[in-house]
Engineer: 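Pasting in a structure now, in structure tokens, and then I'll have a few things to ask.
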Amino acid sequence: MPELPEVEVVRRGLADHVAGRTIAAAEVRGHRVARRHVPGAQDLADRLRGRTLAGAHRRGKYLWLALADGGVVPDEALIVHLGMSGQMLVADPRTPEPRHTHARLTFTDGGGELRFVDQRTFGGFSLAELVDGVPTSVAHIALDPFDPDYDRAAVIADVKRRRSGIKRVLLNQAVVSGIGNIYADEALWRAGIHGERLASALTGPAIGRLLDHAKDVMADALEQGGTSFDELYVNVNGASGYFDRSLSAYGQEGRACPRCGTAMRREQFMNRSSTSCPRCQVRPRGV
DNA sequence: AATCGAGCCTGCAGGC
DNA sequence: TGCCTGCAGGCTCGAT
């Protein structure tokens, strides 16, 4: 699901509603949700109990809650990945639990509990040590374009050495993080580049413009609370964003290109759909 | 070393 | 009304 803007919406909700609170009890159900935590779900739950959530952080699509004991500087984090369908919901403990609730955290203040709901279970929880404020298991993820230390020139250089289609490179979270299928299609449309163009064959300035479009479209989406076509993509209160109304390419097969009026086409590419304008985004020859 | 594709899940829409 | 296929905001892993 959720790409950077949607994950950021969730992060802000967590910062507002759970930061500073202390976990009274944690319940982590089933193996899959904790599959990245080798000692298992029960061990993960046990390690969360009594800890204070010091803050909510994000890099790309990875979210983490820093864990502290009293006033000590946090040295560990609960990492949350939403996968394709994960939700973090703050809810009144008396309200009925949604289907596919895989984890629950209750707090010592007795207020709203935190629920992890995930229909497809591609998401999950794990624990990791914090080093310089970043969990060790997130360290291999590239900085996203909103990170103060994001190095645009370095990312351009990295993209340029990749001998693979530019869309695949945009989706590679080790090159630049946060971009998923929606915002890749939108950025490519804005830049007028077909996703199967070889990354290494693009000029540096063209790559720079494409990355800037990716950042801009994600910023636009964030202003509107993210993109949601259904109730799978919601903030911690269950509310949807409405950037879906502003999409130019993603999911727009058959509609007129907003720039030139040509009917948008859909192609299968890397096992997923890509929608683009046949006129503004010319498919490379020989691919 | 990189790059590619299949596989992991559940639910929904559309075609027959 | 089924039943079947295809598809969905992501990532990981094994084979080349």
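Naming convention: chains lettered A, B, ... in sequence-line order (proteins, then strands); numbering from 1 in each chain.
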Engineer: Tell me which donor-acceptor pairs under 3.5 Å the side chains of residues 145-156 of chain A have, and how far apart each pair is, sequence neighbours excluded?
Structural biologist:
unit_1    : atom_1 : unit_2    : atom_2 : d
Asp147(A) : OD1    : Asp149(A) : N      : 2.8
Asp151(A) : OD1    : Ala153(A) : N      : 3.3
Asp151(A) : OD1    : Ala154(A) : N      : 3.1
Arg152(A) : NE     : Asp212(A) : OD1    : 2.9
Arg152(A) : NE     : Asp212(A) : OD2    : 3.4
Arg152(A) : NH2    : Gly208(A) : O      : 3.4
Arg152(A) : NH2    : Asp212(A) : OD2    : 2.9

Engineer: I'd like to know if Arg58(A) pairs up with Glu3(A) as an ion pair, taking the criterion as any Lys NZ or Arg NE/NH1/NH2 lying under 4.0 Å from an Asp or Glu carboxylate oxygen.
Structural biologist: no
Engineer: With syn defined as a glycosidic angle within 90° of 0 and anti as the rest, where does dG9(C) land?
Structural biologist: syn
Engineer: According to the 5.5 Å centroid and 30° plane-angle thresholds, does Phe122(A) stack upon the nucleobase of dC9(B)?
Structural biologist: no
Engineer: Is a salt bridge present between Arg12(A) and Glu8(A), judged by a nitrogen-to-oxygen distance below 4.0 Å?
Structural biologist: yes
Engineer: Is the shortest distance from a Lys or Arg side-chain nitrogen in Arg168(A) or Glu196(A) to a carboxylate oxygen in the other one below 4.0 Å?
Structural biologist: no
Engineer: Can you work out whether His140(A) or Gln119(A) has the more 5'-proximal nearest nucleotide on DNA chain C?
Structural biologist: Gln119(A)
Engineer: Inspect the contact between Asp216(A) and Arg190(A) and indicate whether a charged nitrogen and a carboxylate oxygen are less than 4.0 angstrom apart.
Structural biologist: no
Engineer: Closest to the Tyr62(A) side chain: dT10(B), dG9(C), dT12(C)?
Structural biologist: dT12(C)
Engineer: Contacts to DNA chain B from residues 218-226 of chain A, heavy-atom cutoff under 4.0 Å, which residues?
Structural biologist: none
Engineer: When you measure only distances, ignoring hydrogens and angles, does the side chain of Arg162(A) come within 3.5 Å of the base of dA2(B) through a donor and an acceptor?
Structural biologist: no
Engineer: So for Arg168(A) and dG5(B), does any side-chain atom that can act as donor or acceptor lie under 3.5 Å from a complementary atom in the base?
Structural biologist: yes
